[in-house]
Participant: 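Pasting in a structure now, in structure tokens, and then I'll have a few things to ask.
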Amino acid sequence: MKLTDISNDINEWFNGSGPLADIVISSRIRLARNIAGHKFLSHCSNTEKSEILKKLRDVLMPLDLGDKIFYISVDKAPTLSRHFLVERHLISRHHAFGKGPRGVVIARKEFFTAMINEEDHLRLQVLKAGCQLSQCFEQINNIDNMIEQKVDFAFSPRYGYLTACPTNLGTGVRVSVMLHLPALKMTGQIDKFFNAARDMSLAVRGLFGEGTEAASDLYQISNQVTLGISELDIISQFENTIIPEIVEYENAARNQLLSKQTDILDDKISRAMALLQNAHLISSQEALFLLSHLRLGINMHKYMGASTPAIEKLYTLCGTPKDTDKTGRLSIATINRLFMLTLPAHLQLNYGKSLDSTHRDALRAKIIRSALNQDTQQKS
Amino acid sequence: MQCQICNKNNATIHLTEIADGVRTEMHICEHCAAEQDIAVKSHIPINELLSSLLAVQPTDDELSGDSEQKLACPNCGFTLAQFRKEGVLGCPYDYEFFEKSLLPLIEKAHNGKTTHCGKLPSKASKNTKNEIEILNLRQQLQAAVKSEDYELAAKLRDKINKIEK
């Protein structure tokens with residue numbers, strides 16, 4: 001299995017489906033585990049790291065996950081491949097550019113990955129589209145149980161699963177939800193979200209996790225407390241309190257835009273359309289920023305029945321041929337495809353060689369132009 | 001100082017949160033705190049903190065607390081100075097070996113909680129499961145004694161004794 005087998009398409013959990021999909025892009029649950037009898041990685045020699053890697057790889061590869069699984073030696077992979085894996089959220093930056101023998105096991109459909117020798121010996125994650133935390137947990141818990149049949153994890157009756165950093169101690173569970181909050185941003189109320197997140201002891205991160213900026217109005221929220229609270233209680237806090245509250249804020253802001261600030265909304269959508277349809281050089285940052293406004297327009301039409309002049313015009317655009325449904329109109333799947341496939345490592349991997357930033361910006365603009373303009377060309 | 005939420009009452013609850021190296025402070029009143037789950041939780045642990053600290057310190061805690069600073073883990077050679085630098089531990093045994101120094105940190109990171117309640121390894125022995133139950137019961141016992149509910153405390157004590165036999 002080569003990375004180019006997956007690089008020309010979006011992954012399943014990024015297809016814009018699932019519960020609350022107009023605001024909740026994806027759900028992710030991660031478990032941190034360490035093998036009993038080994039030191040944590042900061043104190044492991046490369047020999048011990050290789051031993052851990054082999055042990056876990058041998059346990060993980062034969063697992064029956066209902067999907068093909070493949071393995072990548074991250075320390076031996078070319079830089080471009082590592083960037084690609086980060087762009088697809090299959091590994092963390094820390095893992096991509098860390099030290100020593102390490103690898104990742106990935107399910108072909110990308111709902112599951114297991115990073116070996118990241119900060120802990122094993123970091124399992126399950127991803128799903130929309131708000132599906134309970135489903136993520138059920139799946140990851142089953143996988144964790146299967147692994148526990150084969151290997152003993154470091155565990156203490158008092159502190160639970162023992163992790164390299166005390167902040168992951170206990171359940172080792174990190175719940176992350178990716179949210180699209182463009183209306184809160186447009187109406188100048190994004191602080192509402194930050195305050196709510198702070199009050200609920202949540203960490204807020206950008207698109208690619210720790211230390212990254214919030215591109216495309218996408219924010220990731222995650223729990224910080226992992227000890228003294230059960231996995232199910234953490235998840236139910238997200239499902240019953242945290243997510244509904246933030247979704248309500250964003251929906252209120254979308255309604256406000258629709259009822260009182262149509263000019264702002266239409267201006268943003270129209271400008272985004274005009275630039276994306278006509279630009280010949282476009283940076284990744286700018287593309288993400290503009291695609292966010294198209295995503296908002298499409299979702300407001302689909303979920304709220306919004307119909308403003310700009311949204312109507314947006315709907316005359318056609319999607320990429322791969323995404324055309326019955327209507328052939330611009331869909332969230334098209335937006336997601338343009339979003340992911342024009343990220344720098346995706347562009348280069350699909351192009352077959354590395355490109356400097358100007359060439360990338362030109363190629364990105366070309367892909368977006370041709371996707372958004374084809375209907376107009378066909379009509380004329 | 002005024003409450004940051006209602007801007008009316010006096011702020012009597014002061015929260016400091018350090019996430020990803022960023023320090024944020026919050027000053028709120030009891031009324032607003034009651035409306036926010038987090039504030040209520042962070043308000044209890046002051047008692048919890050003391051009792052659980054006392055519970056885990058067997059002897060001469062001041063002395064050994066100091067000496068922990070200079071010790072290296074016999075298993076991995078890890079020292080607390082390294083932890084301050086890197087933020088990660090050297091081996092699972094460090095949690096036991098440096099318990100006194102780590103406990104306050106663990107408590108801060110987890111809203112005052114210091115005992116696991118969640119998944120147990122499927123292969124966990126009956127002993128481990130009992131141990132966890134006893135830990136949880138002891139916490140309940142402390143709370144019962146504090147609230148002077150001696151009837152409940154007696155029941156909890158009997159339960160603990162029964163498991164320990």
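Everything quoted here is computed from the prediction, not taken from an experiment. The sequence lines fix the lettering, A, B, ..., with proteins before strands; numbering per chain opens at 1.
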Participant: Would you mind checking which part of Gln149(A) comes under 4.5 Å of any heavy atom in chain B, side chain (CB onward), backbone (N, CA, C, O), both or neither?
Facilitator: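 Both backbone and side chain of Gln149(A) come within 4.5 Å of chain B.
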Participant: Less than 4.5 Å to any heavy atom of chain A: does that hold for the side chain of Tyr93(B), its backbone, both, or neither?
Facilitator: neither
Participant: Which one of Val88(B), Leu105(B), Ile106(B) satisfies the side chain to side chain contact (heavy atoms under 4.5 Å, CB included) criterion with Pro166(A)?
Facilitator: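 Among Val88(B), Leu105(B), Ile106(B), the one meeting side chain to side chain contact (heavy atoms under 4.5 Å, CB included) with Pro166(A) is Ile106(B).
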Participant: Ala36(A), Ser42(A), Gly37(A), Cys44(A): which one forms the most heavy-atom pairs within less than 4.5 Å of chain B?
Facilitator: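 Result: the option with the highest number of such pairs is Ser42(A).
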Participant: Report which part of Asp233(A) has an atom under 4.5 Å of a heavy atom belonging to chain B: side chain, backbone, both, or neither.
Facilitator: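 Neither part, no heavy atoms under 4.5 Å.
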Participant: Looking at Leu41(A), Val204(A), Asn141(A), Leu232(A), which one has more heavy-atom pairs under 4.5 Å with chain B than the rest?
Facilitator: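 Of the options given, most contacts go to Asn141(A).
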Participant: For Asn240(A), does the CG atom have more than 12 heavy-atom neighbours from other residues, nucleotides or ligands under 6.0 Å away?
Facilitator: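 Correct, the count exceeds 12.
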Participant: Under 4.5 Å heavy-atom distance to chain B, tell me which part of Thr241(A) shows up: side chain, backbone, both or neither.
Facilitator: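 For Thr241(A), no heavy atom lies under 4.5 Å from chain B.
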Participant: Nearest 0.5 angstrom please: Arg158(A) CZ to Leu103(B) CG, how far?
Facilitator: 5.5 Å
Participant: At a heavy-atom separation under 4.5 Å, does Asp94(B) approach chain A through its side chain, its backbone, both, or neither?
Facilitator: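 Neither part, no heavy atoms under 4.5 Å.
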Participant: With Tyr159(A) as reference, evaluate His116(B), Glu96(B), Glu99(B) under the side-chain hydrogen bond (donor to acceptor under 3.5 Å, both in side chains) test and give the passing residue.
Facilitator: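 Exactly one option meets the side-chain hydrogen bond (donor to acceptor under 3.5 Å, both in side chains) with Tyr159(A), and it is Glu99(B).
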Participant: Is the count of non-hydrogen atoms from other residues, nucleotides or ligands lying under 6.0 Å from Glu248(A) atom CD greater than 12?
Facilitator: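 For Glu248(A), atom CD is not crowded (no more than 12 foreign heavy atoms under 6.0 Å).
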Participant: So which residues of residues 170-177 of chain A are in contact with chain B at a heavy-atom cut-off of under 4.5 Å?
Facilitator: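 Against chain B, the residues of residues 170-177 of chain A that fall inside the cut-off (heavy atoms, under 4.5 Å) are Gly170(A), Thr171(A).
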Participant: Within the structure provided, determine whether Pro92(B) and Asn34(A) are in side-chain contact (heavy-atom separation under 4.5 Å).
Facilitator: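 Answer no - side chains too far apart.
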Participant: From His43(A) NE2 over to Cys76(B) SG, what is the distance, rounded to the nearest 0.5 angstrom?
Facilitator: 5.0 Å
Participant: Looking only at heavy atoms, which two atoms of Asn145(A) and Lys119(B) are closest? And how far apart?
Facilitator: OD1-NZ, 2.8 Å
Participant: Please state whether the side chain, the backbone, both or neither of Asp144(A) comes within less than 4.5 Å of a heavy atom of chain B.
Facilitator: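 For Asp144(A), the contact with chain B is made by backbone and side chain together.
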Participant: Nearest 0.5 angstrom please: Asp199(A) CG to Ile5(B) CD1, how far?
Facilitator: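 Interatomic distance, Asp199(A) CG to Ile5(B) CD1, rounded to 0.5 Å: 5.5 Å.
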Participant: Does Thr226(A) offer a backbone N or O that forms a donor-acceptor pair with the side chain of His110(B) under 3.5 Å?
Facilitator: yes
Participant: Does any heavy atom of chain B fall under 4.5 Å from the side chain of Ala164(A), the backbone, both, or neither of them?
Facilitator: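 It is both, since atoms from each part get that close.
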Participant: Where do Tyr95(B) and Thr163(A) come nearest, in terms of heavy atoms and distance?
Facilitator: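 It is OH-O, 2.5 Å.
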Participant: Atom NZ in Lys108(B), atom OG1 in Thr167(A): separation rounded to 0.5 Å?
Facilitator: 14.5 Å
